[in-house]
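Reading through the structure tokens given below for one structure.
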Amino acid sequence: MIKKWIYFASLASIVAFLSSGFKSDNQIHYNYTIEGDPVEYIYPSEKPDDYKSQNIPFTGKFFVGYKEAIAFKESQGKYHLVNTLGYMGKYQFGVNTLRAIGIYDTARFMNSPSLQEKAFVALLSKNKWELRKEIAKYDGKTVGGILITESGILAAAHLGGAGSVKKFFRSNGTRYLRDDFGTSLRSFMKNFGGYDTSAIVADSNARVK
């Protein structure tokens, strides 16, 4: 009986030792809420200097990381921001763009974070339809020194519209198109490339309900 106990105790110790080789001694858990749903992310280090901001969880190339990265670039993630040109909200929508996806009440839009999130997805769906041929033709190829991906194309369309993206490809990437603040289409196509936007359904009639 004693020998059997020693055997199992030794086996447990070996398993514990081997398991420890696959864990980081410095991992910390960070709880983060996305639209009401609690999600837990694990950081590989406890050193604050290893991260630019502990308020932003590691989201890799998932869609949540994509939308938050664009939002930070556009408004620093502020739902109530209106810039000097009248672009509104977290993702900086213009009035005409909002109307194109079925939103006419700008006051309601500005006071509803959930509506702004839905608007972002609806615009992606609409642009994915508008640019379906370009996505099929150029995804994975290099144009103008930029590796083209679906998420990069959609980000560029968010910045300058689907028409500007088509002009970029017609010029083989030589046209340096910019918005009114000087932000280039190329920078959005490059910086927001490689994210997972596969869940976005192409829809020519995308509307926010």
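Positions are given from 1 along the sequence.
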Enclosure of Lys118 NZ (heavy-atom neighbours >12, cutoff 6.0 Å):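 Counting other residues, nucleotides and ligands, NZ of Lys118 stays at 12 neighbours or fewer.
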Over 12 foreign heavy atoms within 6.0 Å of NZ, Lys190: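 No, not enclosed.
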Say you draw a straight line from [atom1] of [X] to [atom2] of [Y]; how long is it, rounded to the nearest 0.5 Å?
| X | Y | atom1 | atom2 | value |
| --- | --- | --- | --- | --- |
| Glu134 | Asp139 | CD | CG | 12.0 Å |
| Thr183 | Asn191 | OG1 | CG | 10.5 Å |
| Lys78 | Asn83 | NZ | CG | 12.5 Å |
| Leu115 | Lys209 | CG | NZ | 14.0 Å |
| Ile70 | Ser75 | CD1 | OG | 11.5 Å |
| Tyr91 | Leu124 | OH | CG | 9.0 Å |

Keeping the roles fixed (side chain from [X], backbone from [Y]), state whether a donor-acceptor pair exists under 3.5 Å.
| X | Y | value |
| --- | --- | --- |
| Arg207 | Ala100 | yes |
| Arg99 | Asn96 | no |
| Arg186 | Gly173 | yes |
| Gln92 | Gly89 | yes |
| Ser184 | Ser187 | yes |
| Lys141 | Lys137 | yes |
| Ser125 | Ile200 | no |
| Asn111 | Ala107 | yes |

ring-ring contact (aromatic ring centres under 6.0 Å, His included) between Tyr138 and Phe169, intermediate numbers included: CA-CA 9 Å; Tyr138 296 106; Phe169 286 120; 4.2 Å; yes
Verdict with supporting geometry, Met88 and Leu98, side chain to side chain contact (heavy atoms under 4.5 Å, CB included): CA-CA 10 Å; Met88 299 171 286; Leu98 287 176; 3.5 Å; yes
Polar side chain donor-acceptor pair, Tyr79 to Glu117, under 3.5 angstrom: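 Present: a donor and an acceptor within the cut-off.
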No-hydrogen, no-angle side-chain donor-acceptor test under 3.5 Å, Ser198 and Asp196: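 Yes, because at least one side-chain N or O of Ser198 sits under 3.5 Å from a partner of the opposite role on Asp196.
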Verdict with supporting geometry, Glu68 and Lys90, salt bridge (charged side-chain N to carboxylate O under 4.0 Å, His left out): CA-CA 9 Å; Glu68 294 304 326; Lys90 182 178 177 180; 2.9 Å; yes
Note, [X] side chain near [Y] side chain (heavy atom, < 4.5 Å):
| X | Y | result |
| --- | --- | --- |
| Glu74 | Tyr87 | no |
| Met189 | Phe168 | yes |
| Glu130 | Val165 | no |

Verify same cluster id: Ile103, Val95 (apolar side-chain graph, 4.5 Å):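 Yes; tracing contacts between hydrophobic side chains, which count when under 4.5 Å, links both residues.
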ILVMFWY cluster, Val208 and Phe63 together (side-chain gap under 4.5 Å):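 Looking at the clustering, Phe63 is in the same group as Val208.
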Nearest heavy-atom neighbours spanning [X] and [Y]:
| X | Y | value |
| --- | --- | --- |
| Tyr195 | Ala69 | OH-CB, 4.1 Å |
| Met110 | Val82 | CE-CG2, 3.6 Å |
| Ser151 | Tyr66 | O-OH, 2.7 Å |

CA sep, side-chain torsions, deciding dist, call: Thr142, Ile148, side chain to side chain contact (heavy atoms under 4.5 Å, CB included): CA-CA 6 Å; Thr142 300; Ile148 305 301; over 6 Å; no
Evaluation steps, ring-ring contact (aromatic ring centres under 6.0 Å, His included), between Phe109 and Phe93: CA-CA 10 Å; Phe109 173 78; Phe93 279 86; 5.8 Å; yes
Side chain to side chain contact (heavy atoms under 4.5 Å, CB included) partner of Ile153, chosen from Thr197, Asn127, Leu131: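 Result for side chain to side chain contact (heavy atoms under 4.5 Å, CB included) with Ile153: Leu131.
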Near-ring test His158/Phe120, centroid separation under 6.0 angstrom: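 Phe120 vs His158: aromatic centres under 6.0 Å.
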